[in-house]
Amino acid sequence: AVLPYGVGMDIGCRMALSILDLPGSYVEHHAYELKKVLHDETHFGNDGGLESRQEHDVLDHPDFQLTDLLRRLRGKAIRQLGSSGSGNHFVEFGIVSLEKSNNLHLPKGNYAAILSHSGSRSLGANIAQHYTNIAMSKCKLPREAKHLAWLDLDSEEGNEYWIAMNLAGEYAKACHDRIHKNLCDALGLSVLSRVENHHNFAWREKLHDGNEYVIHRKGATPAAEGVLGIIPGSMTAPGYVVCGLGNESSLNSAGHGAGRKLSRQKAKNTITVSALKKVLQSEKIILIGGSPEEAPVRYKDIDLIMKSHTTLVNVEGKFHPRIGRMA
């Protein structure tokens with residue numbers, strides 16, 4: 001069985017890191033160009049998209065023709081391809097510091113890099129809402145637990161959701177592909193290595209007992225043995241490039257980030273725009289857009305959180321944000 005709400009509303013929300021064929025100092029020395037290209041080549045918000053038409057094979061995926069819902073959503077998916085949502089979604093230029101021995105097979109050092117965080121846009125949100133409603137109508141639970149309603153994967157609705165969820169995941173990946181390609185093409189940059197991973201997704205996986213399970217990772221990073229991923233920090237705190245250790249007591253999973261100390265509303269009520277600007281200035285971070293709702297003080301200490309991850313992942317390197325954009 002699969003829980004649509006257990007996957008989440010932003011299906012396939014995803015981290016993607018491109019390590020560029022440039023030293024880390026490039027980011028420090030080209031701040032104006034990087035800020036301009038983020039302004040010109042990315043789009044944020046719950047509606048609209050990039051001005052230039054975006055091409056990707058995912059738009060011709062045959063699964064878009066499998067259900068009336070997916071056929072209806074394809075047009076908006078075309079318009080939103082390569083764009084990002086609101087909230088904690090971002091695109092950043094920064095500096096990746098790699099450890100001496102790393103599974104990316106790159107020399108130790110500091111590299112310029114692009115890091116993005118966003119998901120499947122309206123496509124995923126509509127799929128999630130549609131099948132959550134169906135699950136709740138078919139699987140009657142107490143009011144306080146109604147969102148934990150599930151669909152049997154052998155049912156017509158469960159099979160439809162599984163296909164739609166995987167299509168939304170492919171679309172989320174395509175959005176990141178376009179974001180990174182658009183930025184690199186505009187600046188004439190080449191990529192040495194790419195690390196990316198889903199969260200807000202479900203996978204069929206066999207565990208050591210030989211049984212297959214549907215593993216839901218809502219805000220969790222896949223961390224099977226040898227699997228690379230990214231655990232982000234905040235506007236000012238570093239993100240971590242990690243490699244999974246395959247700890248089955250955590251269902252081969254790790255955290256998705258530092259975790260929140262304050263809710264969005266509490267942050268909005270207690271943190272001012274001027275206070276946020278002072279923090280960014282003191283940390284030498286350039287940010288286009290953004291909101292006090294995502295202020296660094298809202299999050300726990302990522303370095304402390306990562307100390308509790310030693311049985312889940314190995315740290316391969318750190319991403320230090322420098323120039324970013326949010327909604």
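All values below come from the heavy atoms of this structure, side chains included, with hydrogens, waters and symmetry mates left out.
- The shortest heavy-atom contact between Pro321 and Pro238 is CD-CA, 4.1 Å.
- Every residue two or more places apart in sequence or in another chain was checked for a salt bridge (charged side-chain N to carboxylate O under 4.0 Å, His left out) with Arg260, and none qualifies.
- Partners of Ser97 under the side chain to side chain donor-acceptor pair (under 3.5 Å) rule, at least two apart in sequence or in another chain, are Asn110.
- No more than 12 heavy atoms of other residues, nucleotides or ligands lie within 6.0 Å of CD in Gln281, so this atom counts as exposed by the packing criterion.
- The local environment of NZ in Lys278 is sparse, with at most 12 non-hydrogen atoms from other residues, nucleotides or ligands closer than 6.0 Å.
- The hydrophobic clustering, which links ILVMFWY residues whose side-chain heavy atoms are closer than 4.5 Å, places Ile95 and Leu115 apart.
- Put simply, the side chain of Glu196 never gets that close to the backbone of Leu17: no donor and acceptor are under 3.5 Å apart.
- Taking every heavy atom of both residues into account, Lys35 and Ile288 meet most closely at O-CD1, 3.4 Å.
- Distance CG/Leu22 to OG/Ser190: 6.5 Å, rounded to 0.5 Å.
- Shortest non-hydrogen contact noted between Arg71 and Leu66 is NH1-C, 4.0 Å.
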Residues Asn182, Gln54; criterion side-chain contact (heavy atoms from CB on, under 4.5 Å); working and verdict:
CA-CA 9 Å; Asn182 289 341; Gln54 302 294 296; 2.8 Å; yes
Step-by-step side-chain contact (heavy atoms from CB on, under 4.5 Å) determination, Leu3 to Tyr161:
CA-CA 10 Å; Leu3 287 69; Tyr161 172 76; over 6 Å; no
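- Every side-chain contact (heavy atoms from CB on, under 4.5 Å) that Leu153 has, sequence neighbours left out, goes to Val2, Trp162, Arg204, Val214.
- Side-chain contact between Asp21 and Val191 is absent, with no heavy-atom pair separated by less than 4.5 Å.
- A continuous path of Ile, Leu, Val, Met, Phe, Trp and Tyr side chains, each step under 4.5 Å between heavy atoms, connects Leu312 with Ile302, placing both in one hydrophobic cluster.
- Under a hydrophobic clustering in which Ile, Leu, Val, Met, Phe, Trp and Tyr are joined whenever their side-chain heavy atoms come within less than 4.5 Å, directly or via other members, Ile323 and Leu189 fall into the same cluster.
- Judged purely by atom type and a 3.5 angstrom limit, Arg178 has no side-chain atom pairing as donor or acceptor with the backbone of Leu81.
- Between the Asn102 side chain and the His105 main chain, a donor and an acceptor come within less than 3.5 Å of each other.
- Under the salt bridge (charged side-chain N to carboxylate O under 4.0 Å, His left out) criterion, Asp40 pairs with Lys36, not counting sequence neighbours.
- Within 6.0 Å of CD on Glu51 lie no more than 12 heavy atoms contributed by other residues, nucleotides or ligands.
- In the model, Ser84 has no side-chain atom that pairs as donor or acceptor with a side-chain atom of His89 under 3.5 Å.
- Residues satisfying the salt bridge (charged side-chain N to carboxylate O under 4.0 Å, His left out) criterion with Arg72, sequence neighbours excluded, are absent altogether.
- Under the rule for a side-chain contact (heavy atoms from CB on, under 4.5 Å), the partners of His198 that lie at least two apart in sequence or sit in another chain are Arg14, Phe201, Trp203.
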Decide yes or no on side-chain contact (heavy atoms from CB on, under 4.5 Å) for Asn126 and His130, but give the supporting numbers first.
CA-CA 6 Å; Asn126 279 277; His130 179 78; over 6 Å; no
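- Two residues are said to be in side-chain contact when any heavy atoms from C-beta on lie closer than 4.5 Å; Asp47 and Arg79 fail this criterion.
- By the side-chain contact (heavy atoms from CB on, under 4.5 Å) test, Met9 pairs with Tyr5, Ala128, Gln129, sequence neighbours left out.
- Listed by first and then second residue, the side chain to side chain donor-acceptor pair (under 3.5 Å) pairs that reach into residues 302-311 are Tyr240-Asp303, sequence neighbours excluded.
- Under a 3.5 Å cut-off, the side chain of Tyr171 and the backbone N or O of Ala77 do form a donor-acceptor pair.
- Of the N and O atoms on the side chains of Asn269 and Gln265, at least one donor lies less than 3.5 Å from an acceptor on the other residue.
- Between Asp177 and Arg194, at least one side-chain nitrogen of the basic residue sits less than 4.0 Å from a carboxylate oxygen of the acidic one, meeting the salt-bridge criterion.
- Judged by distance alone, with hydrogens and angles left aside, the side-chain atoms of Arg322 form no donor-acceptor pair with the main-chain N or O of Glu28 at under 3.5 Å.
- Sorted by first and then second residue, the salt bridge (Lys or Arg N to Asp or Glu O under 4.0 Å) pairs involving residues 98-114 (not counting sequence neighbours) form an empty list.
- Here the shortest heavy-atom pairing between Gly124 and Ile11 reads O-CD1, 3.5 Å.
- In this structure, Glu225 has no side chain to side chain donor-acceptor pair (under 3.5 Å) partners at least two apart in sequence or on a different chain.
- For the residue pair Tyr131 / Glu160, a side-chain donor-acceptor distance below 3.5 Å is found, with atom types taken as modelled.
- Ring pair His256/His117: centre-to-centre distance below 6.0 Å.
- A distance of 9.5 Å separates OG in Ser18 from CZ in Phe93, rounded to the nearest 0.5 Å.
- By the side-chain contact (heavy atoms from CB on, under 4.5 Å) test, His61 is found to be paired with Asp63, Phe64, Leu167, residues two or more places apart in sequence or in another chain being considered.
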Candidate pair Leu34 and Leu183, rule side-chain contact (heavy atoms from CB on, under 4.5 Å), full reasoning
CA-CA 9 Å; Leu34 300 185; Leu183 293 173; over 6 Å; no
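- A donor-acceptor pair under 3.5 Å is formed between the side chain of Asn200 and the backbone N or O of Gly219.
- Note: Asn252 CG to Leu207 CG = 6.5 Å, rounded to the nearest 0.5 Å.
- Although no hydrogens or angles enter the test, the distance criterion places no donor-acceptor pair under 3.5 Å between the side chain of Arg325 and the main chain of Phe90.
- Screening residues 138-155 for side chain to side chain donor-acceptor pair (under 3.5 Å), with sequence neighbours left out, gives Lys138-Glu157.
- Checking side-chain atoms of Ser263 against main-chain N and O of Lys266 turns up a donor-acceptor pair under 3.5 Å.
- If you take CG on Leu50 and OG on Ser83, they are separated by 6.0 Å, rounding to the nearest 0.5 Å.
- Around the NZ atom of Lys173, the shell of radius 6.0 Å holds more than 12 heavy atoms that belong to other residues, nucleotides or ligands.
- Under a hydrophobic clustering in which Ile, Leu, Val, Met, Phe, Trp and Tyr are joined whenever their side-chain heavy atoms come within less than 4.5 Å, directly or via other members, Met15 and Phe319 fall into the same cluster.
- Heavy-atom minimum distance, Glu294 versus Asn88: OE1-CB, 3.4 Å.
- Between the CG atom in Asn46 and the OG atom in Ser122 there is a gap of 7.5 Å [rounded to 0.5 Å].
- Considering CZ of Arg74 and CG of Leu123, their distance stands at 11.5 Å, rounded to 0.5 Å.
- Using modelled atom types, no side-chain atom of Arg217 and backbone atom of Ala254 make a donor-acceptor pair closer than 3.5 Å.
- Tracing side-chain contacts under 4.5 Å through hydrophobic residues (I, L, V, M, F, W, Y), one never reaches Leu280 starting from Val27; they form parts of separate clusters.
- Residues Ala267 and Arg298 come closest through the heavy atom pair CB-CD, 4.1 Å.
- Between the Glu316 side chain and the Val241 main chain, no donor and acceptor come within less than 3.5 Å of each other.
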